[in-house]
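All figures in this text were calculated on a predicted structure; none of them were measured in a lab. Just so you know, ligand 1 is whichever comes first in the structure, and atom 1 is the first atom listed for that ligand.
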Amino acid sequence: MTSRFREIPSVNQVLRQRKVSDLISEYSHDSIVELVRDELAAARQSVASGGEPPSLDSISSSVTKRADSRWKSWPETVINATGVILHTNLGRAPLSDESIEAASVAAVGYSDLEFDLESGKRGSRQAHISQLVCQATGAEAALVVNNNASAVMLGLAATAAGKEVIVSRGEAVEIGGGFRIPDVLRQSGATLVEVGTTNRTYARDFEAAISENTGAILSVHASNFRVMGFTHAPTTAELVEVGDRNDVPVLHDLGSGCLLDTRPYGLAWEPRPQESVRAGVALGFFSGDKLLGGPQAGIIVGKREYVDVVSAHPLARAVRIDKMSMASLSATMLHYIRDEPTEKVPIWRMISAPLDELRARASAWNGSAGLWAEVVESRAAIGGGSLPGETIESFALRLDCGALGRSAESILTHLRQRDQPVIGRIEDNHVLLDTRTVLPAQDRAVLSALQSLIPDL
Ligand SMILES: *Cc1c(COP(=O)(O)O)cnc(C)c1O
């Protein structure tokens with residue numbers, strides 16, 4: 001047994017192998033030594049459990065593979081054929097060409113991020129973006145931070161730390177990723193006061209809970225679930241009425257930041273930031289990368305006196321947005337100001353894509369899959385914790401597992417492991433590739449992925 005261990009090569013022997021010494025010229029010496037050590041440890045383990053000692057050559061090849069998989073460039077582009085438009089695991093909203101270009105300008109060189117070119121003095125990184133956000137939403141003032149979770153936390157900390165915040169029992173919810181409203185409130189230094197019941201809460205419930213300790217009323221859009229049937233929630237305007245009467249600010253976590261009317265696309269109504277602003281909320285919060293269709297960001301809109309208090313809070317610096325996201329968000333906001341989101345913003349192009357166009361693309365995909373697939377009607381979803389249960393009609397290609405001679409799972413795996421991974425979904429034991437979420441520029445890559453599935457006859 002001990003002699004078998006002695007057959008395992010030493011670190012230095014492996015390092016002298018051509019394949020491994022080539023790696024050292026590409027990476028650092030120390031990082032390759034670490035890989036070799038990991039590989040030799042694996043070899044010792046395999047010998048300990050009765051395996052053969054691997055040859056010097058096979059160890060070198062494994063070291064190369066480890067280097068390739070550990071240090072490949074990341075993230076990889078994947079083709080989203082799941083039909084879920086805002087897929088959080090796949091990076092939520094893809095950006096418009098203009099938003100990508102703006103991020104790249106901010107990254108490539110120096111910029112006037114916090115510099116006033118007219119006076120030559122220090123400028124504000126918020127000045128430009130807040131003006132665009134105000135124009136698109138009708139708000140008096142705006143502030144942008146790194147995501148909506150921190151926007152809400154910051155808004156609560158700045159307006160209600162040490163005080164009570166009144167929340168409807170039906171809205172003391174978990175948004176996802178451990179973001180739970182009661183916990184966020186506690187973290188921000190406020191105390192939660194729940195009112196109403198899980199399914200029905202009225203404006204008078206809020207009014208009855210107001211005391212001299214009240215810091216704010218918080219309304220949270222139930223963005224990832226739906227309560228149906230015997231339900232009631234006060235409108236934002238009713239809450240603002242209660243707030244105004246008692247001199248209590250109303251904070252509204254809108255979640256998605258949808259600036260367009262969703263109803264013409266066959267979707268349910270989604271609250272819009274401009275409606276909250278019009279209703280008179282002190283502060284409204286929403287994401288940059290949900291239905292707004294831009295980069296990760298948290299956008300705070302509202303009354304100047306409250307936005308000023310939020311901007312001056314020490315946490316605002318801790319949750320500052322980076323220059324690339326800021327640039328990219330500016331370009332996204334401009335699409336709305338130019339009234340071109342359905343032409344330019346990728347997720348809105350997907351949501352508004354006409355059905356006959358999708359059917360034609362699915363047929364073109366089918367051309368290469370031939371007898372092994374069928375064009376079918378499907379339902380695409382918004383996802384990303386927006387419009388729960390709401391789907392849009394779409395067309396998909398359904399792959400015939402029987403004819404392809406493999407299981408749906410194995411087809412999904414094959415498609416996922418290609419150089420240009422294609423992510424599909426399984427429905428009724430068949431793989432479905434939905435056209436609505438595939439960017440038209442990726443159609444060719446889908447075609448070649450489909451061809452790679454066709455069995456050799
Ligand atoms: C998504 C969401 C958040 C968190 O937003 P992020 O931008 O992902 O941080 C907060 N509140 C609501 C209601 C949401 O839907």
Could you go through ligand 1 and note, for every N or O atom, any protein N or O atom closer than 3.5 angstrom, writing the atom names and distance to 0.1 Å, or 'none'?
unit_1, atom_1, unit_2, atom_2, d
ligand 1, 5 (O), S287, OG, 3.1
ligand 1, 7 (O), N148, N, 3.0
ligand 1, 7 (O), S287, OG, 2.5
ligand 1, 8 (O), R92, NH1, 2.9
ligand 1, 8 (O), R92, NH2, 3.0
ligand 1, 9 (O), N148, N, 3.2
ligand 1, 9 (O), A149, N, 2.9
ligand 1, 11 (N), D253, OD1, 3.2
ligand 1, 11 (N), D253, OD2, 2.6
ligand 1, 15 (O), S223, OG, 2.6
ligand 1, 15 (O), K290, NZ, 2.7

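With rounding to the nearest 0.5 Å, the separation of CG in L260 from OG1 in T342 is 7.5 Å. Atoms NE2 and SG, from H430 and C401 in turn, are 6.0 Å apart once rounded to the nearest 0.5 Å.
Side-chain contact, D434 with T437: no donor N or O sits under 3.5 Å from an acceptor N or O. For the residue pair S99 / T332, a side-chain donor-acceptor distance below 3.5 Å is found, with atom types taken as modelled.
Looking at N147, its side chain does come within 3.5 Å of a backbone N or O of S150 through a donor-acceptor pair.
Taking the side chain as every heavy atom from C-beta outward, I411 and W372 never approach each other to under 4.5 Å.
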